[in-house]
Structure formats: structure tokens, C-alpha cells
Amino acid sequence: MNTDLLDIGGHRFKSRFILGSGKFSLDMTRTVIENGGVEMATLAVRRANVGGMENILDYIPEGITVLPNTSGARNADEAVRIAELARELGCGDFVKIEIIRDTKYLLPDNAETTKAIARLKAKDFVILPYMMPDLSAARDMEEAGADAIMPLGAPIGSNKGLLTKDFIKILVDEIDLPIIVDAGIGRPSQACEAMELGVDAIMANTAIATADDPAIMAKAFKMSIEAGRLAYLSGPGRVLENKGEASSPLTGFLEE
Amino acid sequence: MIITRDFTDAVDYEEGMEYIDPTLMESVLELSSRYRPENYTKRDVKSALSENYPDSEDFGALLSPAAEPFIEDIAVRAREETRKHFGNSVIIFTPLYASNYCTNQCIYCGFSNRHDIHRAKLTGDEIDREMEAIASTGMQEILLLTGESRHHSGPDYIEDLVKRATNHFSIIGLEVYPMNTSEYRRMQEAGADYVTVFQETYNPEIYAEMHPGGRKRNYSYRFNSNERALMGGMRGVGFAPLLGLSDFRKDAFTCGIHAMEIQRKYPHAEISFSLPRLRPFMNKDLVVNDVTETQLLQVAMAYRLFMPYAGQTISTRERPVFRDNIVKICATKISAGVSVGVGEHSGIEKGDVQFDISDPRSLDEIKNALLANGIQPVFKDYVRI
């Protein structure tokens, strides 16, 4: 009866949990995907060792949508070339744009990313840009042809959760594309919190990879993402942050 | 004004050596001159361990003698940082020694021109045979090495090596003599991805003692190599002192500061550290400041906490058990199937070795050891576009 589907560029997914790969053992990929109910998994094109040993592509089960990323790209030009290479490798039409010019914090370059989107749109890719949550940039990306927006919650690998929560909420409210929190989610509770906010999906990698048991953690993420989604759909009651609120309305005396 | 030498240099710049702005080197050496490992206390170490982003003071504490009793606590933190940044992946590579002609006289090195060893360099055909032999094992990353002779292995020779390597490998590193920016650009355009130049020791006086002759005698030209490599378009640069030549704590501290300043100036640069310590070689009389395994690990872990995103390469100078364990804590790159003589991979065996290795395991053996430890071996982590 699940009619609550995630729609990315006309492609529909039941699962709202996108798995990052490349930080845990390849032979664990299948179990993590199954436990997490995952339908889409990222793949670093630079890791694809086609025809060679320990090739990540060989470990992603049939039927899973591969989301190749452009990690390693430092500008739009490199990102476009990596995306084209991904398509040549048979990874399909999806691409997650990652353009990073800082090896310390791994923060994305929104301006270069927007340029890459426009160029990849012309080549009919389904485009998911990793970005710093900034409303103007997100609007530019939507205008350039993005199919979803992937704001970071915190720096990649930091497991710090939703440091950018308020800015992500602005994107949820103002941008019509699916919003997918891409980096920083370290705990299932944080994934749940993001989903409650109205985010459309969660991408996680380090949080799973650094768990003692990634397979069980994948399951925990699946459950928390589903719980957060249901909570959002159910229209949660307001949470009062600073002070109480009178249960009798202050303006109840008005007669006309 | 024609600049002939920096304050660090025992000799003038030779004709053709490029001089670049010394500001970065000066600030590194200024900070390092104030480092006193013995001044740190337990409290400093504990405070460093509690920092999310340890600064240079914390780094100094982690390298100090006061940190030695905390080795296990530091290991727990180091492993956590490594896993956050690299997951459980470890990259496998192998070096290819293409030539052992050398004009330097490093008194600790098997290739020094003061030693009467078999000198050789591979011809084009031999290079292809060596590379084919290596590639047939499944190896995707190669580190090309030569002795430092611009006569026997000049830029043309090295450019040819790189071009041949692109036919067989996805990732190509260079560990050759320091070059000028324009030469690094040539190598980058030919297909090289990263450059490693070890400073050996950051102490200018000891550097001068250890390097009595050859182009290497000039300290600052060598120091600035990594910066010139980045100016020439290289993607990454590798740093290391040869631990044991001088006070290893001071050398490791200066190396970390050097790498940190380079990253600040070139934020896109991929930074890595190597972890070599002085091992037995032909000149057995050299007095070295022994660095124990514990101290080597301490250095590696201090690098990890100070620059958690930087790669770390562990040398075959170390024994298998040490290597198998350090990759669980902080090293992210390991060599396999290593031969340090010229032509050994394909049985040509033309030239003698630079040093004795302690871990002769093949690529398959290293791969299986990693998998047995729950670590994912990675052969390719870069796409040349």
C-alpha cells in the first residue's frame, strides 16, 4: 500500500535510505544493502577497478540503482568528465556531483557544482548535487537542472549530525526538489530528526562503516528513517523551545 | 638581486635551480625552533587528546616523551579518526626502482655515490618488462623511483618512465630528485599524480653533516620541492623525515607543521606522510638516534590526530606484524611485492639494493592479510581524466 514514494527525476523509490559506499568491506555490501532496505547506493568512480581486484562494482547487487559520484573532482570540468566515464562504465544515468577544493574539511564548492549541473543536464543525466546548504545556491542548482538537492548536515565523515539543521529546513520549505541530507549524519536518531523536518531521504556512509556491526546499524538506520518519515507525514505537534504557552488563548476576549 | 642561498643552506643554489618565495619555509622553521619536546606534561597530552581539532601545541604534546605512557589512549583516538576519514580501506601500491645512479653522498644511504655498488638503470624495453610483471599481479598504483642523478636519469628519462607507466597503472607517484616547477608540470602532464620528497632531517646543521655533497646539499631547494610540485599541478605531495637522523620528535614536529602550512596555502592538495626510520645499511658505523617501534607509532598517531585527513604510508622497512597492525590504527597505504633493487621484478637484476626490507610479502599475501584483519584492500582510488 506504500504510495509514499521518493521521486528523483521521474525515477521512483520506496526506500529513503541511500547508502554511501567505500568505507566498509566490500563483502559486507550486500548484507548492508539488504538490512537497510536500500535501493540506491553510491559508487566512487575513482574506486571502480573494472576488470581488476576488489572492484566495488562487482559487489553491488542487481536491481540496486548505482549513484556514481564525482569524488576527486576539483572543478566542473573534472566532474563532467568523471560523470561521462561513469556512464561509459555502465553505471547508468544518475550522478552525484561532488566538487571539492579543500582536502581538510571536504566542503563542496557550490558555484562550480552549479556549472557542472548545467553541463550534465544537457547530456540527460539525473543529477544530485552535494552542496553547502545555501538557499540561493540551491535555487541556482534547481534552475540549472538538478533533480534533487543534497545539502550537508555536517562535514563529511564527522558524524556530527545536523549542524546545519536550520538551513536545511529552509531548503525543505523553499525548494520543490527532493532534499537529501548527504553528510554528517552519525546516528539513527539524527537521521530520524532530519526526516521529521521534512527531508526526503538520507544518505549515510561513515555512520554505518564505523559501527562495530555495520549490518545491524544499517537496519537501525532503515527503521529510524521510516519512523522519521511517518512522523513528518503525520504532522507532528509543535515543540515549544523557549517558554510555555497559555492553553487559554490570550485573544479569547475578542467578540467581533 | 640574485639570491644564492637561504640561511638554511650550506651551499649556493646551482645554476638552473629555481628559487621560490621562502616565506613558508621560514614560518615552518620559526615555529619548529621553539619546539621543546621535554617541556610538555601529562596534562598537555590529556588536553591534546580531548581536542576535536588539535593545534600545533597539541601536536607537540602528542609527540613528546610525556605522551609515551598514553600510547594506548592515543591509539584509540587515532583509530577513530582514521576510520572516520578513510573507513576501513587501505591502498596497496608498489615501488619500481628504475635507476640507482646517484650523485649525492648521503652518509646513511645505500645508493650514495661513496659506495661501490652495482649501478644500473633500466632501458625502455626493460621498464616495460618490469611494469608488465608488476601489473600482471593486479597492482594499479606504482611509485617510480630513481637515484638522484640528472645525468643518468634526467627529466627526459623520468618523463618516459611516467608515460610508460600510464599504459599499465591508474595511479603514478614519483620519488626522484627535486625538480623545478616547469619540470614537475611536464611530469604531471605526462601522467604523474603525486610527488614525494623526503627532507630526511629538518635540522639544517645535521642536514649539512648528512649530505656532504651533491645537489641535495642545498637544504631549501629540497624543502621547497613539494611546493614546486603543487605549483606544477601535481595532485598530491608526500612528506617525511627519515626518523633517526636527528631528534626524531623535532623532525616529526617540523614535518607536520610543514605539511600543515602547505595544506593551508594549497587547500586542494592531497597530503600524505611516510613513516621511514633508519635501518641497517652498508655503513654500519653511523651513529643513529634509534627510534623504537613504539616511538614510530607515536609519530604516526600524532600525524593522524593533527592532520586526520592526510594519508600515511608504511614502509617495508618494518616487520610484517608491525605493518599489519599499524594499518588498523592510522596507516592508510601499504606497499606490497616490494623489490628495492633495479630490475628485480622481471628477473633482470641489474643493480644493487638501497636498503634491506623486512616485509617481503607478495601482493596476494598483503591483500589476504588485510582482509583477514577486516580491512578492505583498495587498488585504485583515482581516475585520470
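Quick note on labels: first sequence line is chain A, next is B, and so on, each numbered from 1.
Looking at B/I171, neither its backbone nor its side chain comes within 4.5 Å of chain A, counting heavy atoms on both sides. For chain A, the nearby part of B/A269 is the backbone; its heavy atoms alone come within less than 4.5 Å. If you measure heavy-atom distances from B/L363 to chain A, the contacts under 4.5 Å come from the side chain alone. Both the backbone and the side chain of A/L26 come within contact range of chain B, judged by heavy atoms closer than 4.5 Å.
To the nearest 0.5 Å, the span separating OG on A/S25 from CG on B/N373 amounts to 10.5 Å. In this structure, A/I56 CD1 and B/S89 OG are separated by 8.5 Å, a value rounded to the nearest 0.5 Å. Atom NZ of residue B/K380 and atom CG of residue A/N55 lie 8.0 Å apart, to the nearest 0.5 angstrom. Separation of atoms OG1 (A/T103) and OH (B/Y266) is listed at 13.5 Å; rounding is to 0.5 Å. Of the inter-residue distances, the one linking A/T210 atom OG1 with B/N88 atom CG reads 10.5 Å to the nearest 0.5 angstrom.
Taking B/P377, B/S170, B/G87 one by one and counting their heavy-atom pairs under 4.5 Å with chain A, the maximum is reached by B/G87.
Between the side chain of B/R235 and the backbone N or O of A/G72 there is at least one donor-acceptor pair closer than 3.5 Å.
The environment of A/Y59 atom OH is dense: over 12 non-hydrogen atoms of other residues, nucleotides or ligands sit within 6.0 angstrom. Other residues, nucleotides and ligands contribute more than 12 heavy atoms inside 6.0 Å of the NZ atom of B/K265. In A/R101, the CZ atom is not crowded: 12 or fewer heavy atoms of neighbouring residues, nucleotides or ligands sit closer than 6.0 Å. Within 6.0 Å of CE in A/M53 there are more than 12 heavy atoms belonging to other residues, nucleotides or ligands. Counting non-hydrogen atoms of other residues, nucleotides and ligands closer than 6.0 Å to CZ of B/R384 gives a total above 12. Applying the 6.0 Å contact sphere to NZ of A/K121 captures more than 12 heavy atoms from other residues, nucleotides or ligands.
Across every non-hydrogen atom of B/Q263 and A/D102, the tightest pair is NE2-OD1, 3.9 Å. Residues B/K84 and A/K23 come closest through the heavy atom pair O-NZ, 2.7 Å.
A heavy-atom distance below 4.5 Å is not found between the side chains of A/D109 and B/H268. The shortest distance between side-chain heavy atoms of B/V378 and A/E54 does not fall below 4.5 Å.
For residues 135-143 of chain B, the interface with chain A (any heavy-atom pair closer than 4.5 Å) comprises B/T137, B/G138, B/Q140, sorted by residue number.
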Exercise. Yes or no on side chain to side chain contact (heavy atoms under 4.5 Å, CB included) for B/H85 and A/T206, after CA distance, side-chain angles and deciding distance?
Worked result: CA-CA 8 Å; B/H85 289 267; A/T206 312; over 6 Å; no
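With respect to B/V383, the side chain to side chain contact (heavy atoms under 4.5 Å, CB included) criterion is satisfied by exactly one of A/R47, A/R46, A/R81: A/R46.
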